[in-house]
Amino acid sequence: MSAEARYRALKGMKDVLPPDIHLWQKIETAFREVFGAYGFQEIRTPVAESTDIFVRSIGETTDIVEKEMYTFEDKAGRSLSLRPEGTASVVRSFVENRLFNLPSPQKFYYMGPMFRYERPQSGRYRQFYQTGVEAFGSPQPEMDAEVIAMLGRLLGSIGLPELVFQVNSIGCENCRPGYKEKLLAFFGNRLEGLCADCARRYRQNPLRILDCKVPGCVELRQGAPKITDHLCADCRSHFEGLQRLLDLLGLSYAVNPDMVRGLDYYTRTTFEVTSGSLGAQNAVAAGGRYDRLVREFGGPETPAVGFAIGMERIVELLHQSAGAVVPAPDIFIASMGGEAGKQSFLLAQQIRDRGLWAERGDPAASLKSQMRRADRIAARHVFIIGEEELRSGIVRWKRLADSSQGEVALSDAAESAVRLRGDSLSS
RNA sequence: GUGGGCGUAGCUCAAUGGUCAGAGUACUGGACUGUGGCUCCAGGUGUUGGGGGUUCGAGUCCCCUCGCCCACCCCA
């Protein structure tokens, strides 16, 4: 690379530049509107927390905590970590600020960067952005359904309707241990057939064997006990209730008993949205219920459910379906000579005072090159000020789309700019 | 952490081990002395990612290194 590129962004971290940034802003605006309709309010928490907050919530033996966190000591020797996900911080804040004293349920959303020290690949970054929600206080399946429905609305609001929703229930502290036993028993006498990774999973997190991609393991797990057949009565009725509500809303989804979550804190409902056109990292959004986490953080027994959307991944999907809308100036002012340049400078200010986007050409450059530049940046209209115009106190205008031209008084040019834009918007 | 692919102009890419590393595009100017797009003409740009080695000679072959990409793992 050239000599100027001595300083680079860190591995797995990217600049978001125009025109991409317009896509991001469009998504964020659409999302905020949907959040408003569902009564979710924004919450902003710090990007760093005490390390133990993440260890406690995500789970000591998860990959995230064991090897993917950006952990460091501050100058006082405290162990801090950059947040690898959003839920832990929001739960910490919920408890610390005693938000459980406010009317229940309390519903929050956040948008912001997360950090995981992983090997980057398509759709996976070390700093990545998540938009997530957390709804506290309701144990009812209605809240699960509401949150899932909102996720569908969010994705639909930006033109991504045709995605696959999968739901599952992974039970609770009453029924999951028993199921785990059955699973261990099932794979216990099939250990030789499992891949090396699954042999490890057998000891660390046997549920993970269920979504291994190795053909031999896929084969071998046929007939393995399904979590959905081993739920306790409460979990089963919750899960069935959720499905009835999703049906009521007309949402299409698939029950996938093999869908497992990577974080320890989930209970009962889990769900995931995937896309077929994203490569290996195909999860667009994922979430679930976590009824014990608030209690573990020292708050009162408070059921909760939430999800997070991977922003880079939906940006990628939107990229595939449509190009970004690049904003363009309303008026480009071309001028020739010193006095005309001065008038163009003043006129640009007057136009901007009216809320329009005005750009100026270089008065020392030829009109031709100024016109070319106006065309390149897709300006809708060009104002031309030269010697002739100054003498007669006028400004020529030209609409680039159809080459129509006219002239207006210099003193009225700023107001004319407003009218011209109105005309081109309505036509 | 493991495996594979790729690094040549701002961008997209050429160049059987052999002169001075090229083309398109973009940019600037001109043809059109004050009017964009289309066409034509002219102009500049490179530590061939970096370092070492083989060779009379390396963008090309070998080794090391850095970076990017993809996959595994894991996950949004």
Side-chain angles (χ1 to χ4, degrees), chain A residues 1-6 8-12 14 58 61-68 83-87 111-132 151 195-198 200-201 204-205 208 211-214 259-263 271-275 278-288 306-317 332 334-337 340 361-363 365-390 396-405:
Chain A
M1 277 293 122
S2 53
E4 303 89 75
R6 286 168 52 210
R8 315 175 55 97
L10 297 175
K11 183 195 282 281
K14 284 176 127 46
I58 296 164
T61 61
T62 57
D63 275 27
I64 292 177
V65 164
E66 277 186 341
K67 45 193 195 195
E68 294 175 1
R83 59 182 184 194
E85 56 101 51
T87 299
M111 303 172 136
M114 307 294 161
F115 304 84
R116 289 182 204 172
Y117 192 86
E118 298 180 272
R119 190 83 166 257
Q121 71 184 76
S122 183
R124 190 171 79 181
Y125 305 93
R126 288 183 171 181
Q127 174 174 335
F128 58 103
Y129 288 77
Q130 285 189 339
T131 293
L151 176 55
C195 69
D197 284 323
C198 281
R200 177 176 52 78
R201 289 175 180 128
Q204 289 186 346
N205 190 354
R208 280 240 159 262
D211 63 1
C212 180
K213 292 165 196 158
V214 175
M259 189 182 65
V260 174
R261 305 272 69 225
L263 290 70
F271 53 93
E272 194 168 286
V273 181
T274 56
S275 162
L278 275 180
Q281 306 299 312
N282 63 355
V284 169
F307 64 72
I309 301 172
M311 295 297 279
E312 285 82 358
R313 295 180 185 178
I314 62 174
V315 167
E316 173 59 27
L317 287 176
F332 183 94
S335 61
M336 284 78 72
D362 174 4
S366 68
L367 177 59
K368 186 184 194 64
S369 75
Q370 293 187 66
M371 290 296 293
R372 188 160 36 224
R373 202 182 125 206
D375 185 58
R376 281 218 64 218
I377 63 178
R380 282 185 258 278
H381 299 89
V382 177
F383 276 179
I384 300 168
I385 310 176
E387 300 293 327
E388 296 170 18
E389 288 77 12
L390 282 182
R396 285 184 204 288
W397 61 263
K398 179 170 187 175
R399 179 178 302 157
L400 292 187
D402 61 6
S403 295
S404 58
Q405 300 195 48

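A note on names: the letters A, B, ... follow the listed sequences, proteins ahead of strands, and every chain is numbered from 1.
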Evaluate A:Val284 against A:Ile314 for side-chain contact (heavy atoms from CB on, under 4.5 Å), listing each step before the verdict.
CA-CA 7 Å; A:Val284 169; A:Ile314 62 174; 3.4 Å; yes

Rounded to the nearest 0.5 Å, what separation is found between the CZ atom of A:Arg83 and the CD atom of A:Gln130?
9.0 Å

Tell me: CZ of A:Arg200 to C1' of B:C73, nearest whole Å?
7 Å

Return the pairing partner of B:G3 with a 3.5 Å limit on both distances, Watson-Crick or G-U wobble; otherwise return none.
B:C70

For A:Arg373, report the nucleic acid contact type (base, sugar-phosphate, nothing); a contact means any heavy atom under 4.0 Å.
nothing

Looking at the side chain of A:Glu68, which of B:U28, B:C74, B:A71 is the nearest nucleotide?
B:C74

Would you mind classifying the nucleic acid contact of A:Ala374 as base, sugar-phosphate or nothing, using non-hydrogen atoms under 4.0 angstrom?
nothing

For the side chain to side chain contact (heavy atoms under 4.5 Å, CB included) test, which of A:Lys398, A:Gln370, A:Met371, A:His381 pairs with A:Phe332?
A:Gln370

In whole angstroms, how far is the C1' atom of B:U2 from the CD atom of A:Glu118?
15 Å

Verify salt bridge (Lys or Arg N to Asp or Glu O under 4.0 Å) between A:Arg116 and A:Glu85, making sure each step is shown before the conclusion.
CA-CA 9 Å; A:Arg116 289 182 204 172; A:Glu85 56 101 51; over 6 Å; no

If I take atom SG from residue A:Cys198 and atom NZ from residue A:Lys213, how far apart are they, to the nearest 0.5 angstrom?
11.5 Å

Gap in Å between the two P atoms, one belonging to B:U65 and one to B:U2, rounded:
12 Å

Answer with yes or no whether A:Gln121 presents, from its side chain, a donor or acceptor under 3.5 Å of a partner atom in the base of B:C73.
yes

For the C1' atoms, the ones on B:C56 and on B:A14, what distance do you get once it is rounded to whole angstrom?
27 Å

Whole-Å P distance, B:C63 and B:U54:
15 Å

Mind checking if A:Glu272 touches a base, just sugar-phosphate, or nothing, with heavy atoms under 4.0 Å?
nothing

Calculate, to the nearest 0.5 Å, the distance between atoms CD1 and CG belonging to A:Ile58 and A:Asp63 respectively.
11.5 Å

Rounded to the nearest angstrom, tell me the gap between atom CD1 in A:Ile377 and atom C1' in B:A26.
16 Å

For atom CD1 of A:Ile384 and atom C1' of B:U35, their distance in whole Å:
5 Å

What does A:Thr131 touch in the nucleic acid at a heavy-atom separation under 4.0 angstrom: a base, only the sugar-phosphate, or nothing?
nothing

Does B:G29 have OP1 or OP2 sitting under 4.0 Å from an N or O in the side chain of A:Ser369?
yes

Just the rounded figure in Å: distance from P of B:U2 to NZ of A:Lys67.
11 Å

A:Lys11 side-chain proximity, nearest of B:C68, B:A76, B:C73:
B:C68

Is it true that A:Asp197 and A:Arg200 make a salt bridge, defined as a side-chain N closer than 4.0 Å to a carboxylate O?
yes

Heavy-atom donor-acceptor pair, A:Gln370 side-chain to B:U35 base, under 3.5 Å
no

Just how far, in rounded Å, is P of B:A26 from CG of A:Asp375?
12 Å

Do you know which two heavy atoms are closest between A:Cys195 and A:Val214, and how far apart they sit?
SG-CG2, 4.0 Å

Could you please name the option among B:G30, B:U35, B:G34 that lies closest to any side-chain atom of A:Gln405?
B:U35

Whole-Å distance separating the CZ atom of A:Arg8 from the P atom of B:C66:
14 Å

Inter-nucleotide C1' distance (B:C62, B:U25), Å rounded
36 Å

Could you tell me how far B:G24 sits from B:C61 if I compare only their P atoms? Round to whole Å.
27 Å

If you pin A:Arg124 and A:Phe128 to their nearest nucleotides in RNA chain B, which one's is more 5'?
A:Arg124

Euclidean distance for P, B:G46 against B:G22 (whole angstrom):
12 Å

Can you find a donor-acceptor pair, distance only, under 3.5 Å between A:Glu66 side chain and B:G1 base?
no

Who is the Watson-Crick or G-U wobble partner of B:U28, with both distances under 3.5 Å?
B:A42

Looking across every strand, which nucleic acid part, if any, lies under 4.0 Å from A:Phe383 by heavy atom: base, sugar-phosphate, or nothing?
nothing

Return no unless some side-chain N or O of A:Lys213 is found under 4.0 Å from OP1 or OP2 of B:C72.
yes

Tell which nucleotide pairs with B:U48, taking only Watson-Crick or G-U wobble pairs whose two distances are both under 3.5 angstrom.
none

For a quick check of understanding: with a heavy-atom distance under 4.0 Å over all strands, which category does A:Glu389 fall into, base, sugar-phosphate or nothing?
base

Which value, in whole Å, describes the distance between the P atoms of nucleotides B:U8 and B:U39?
28 Å

Looking across every strand, which nucleic acid part, if any, lies under 4.0 Å from A:Gly287 by heavy atom: base, sugar-phosphate, or nothing?
nothing

Quiz question: going by heavy-atom distance under 3.5 Å, is there a donor-acceptor pair between the base of B:U2 and the side chain of A:Arg119?
yes

Between B:C69 and A:Lys14, is there an OP1 or OP2 to side-chain N/O distance shorter than 4.0 Å?
yes

Residue met sooner reading RNA chain B from 5', once A:Ala9 and A:Glu85 are mapped to nucleotides:
A:Ala9

Select one nucleotide: of B:A71, B:G34, B:A76, the one nearest the side-chain heavy atoms of A:Ala280.
B:A71

d(CG, A:Asn205; P, B:C73) in whole Å
14 Å

For B:G22, the Watson-Crick or wobble partner whose two distances fall under 3.5 Å:
B:C13

Across the strands shown, which category fits A:Arg313 at heavy-atom distances under 4.0 angstrom: base, sugar-phosphate, nothing?
base

Whole-Å P distance, B:G37 and B:A26
11 Å

Just checking A:Val382: base, sugar-phosphate only, or nothing, at a heavy-atom cut-off of under 4.0 Å?
nothing

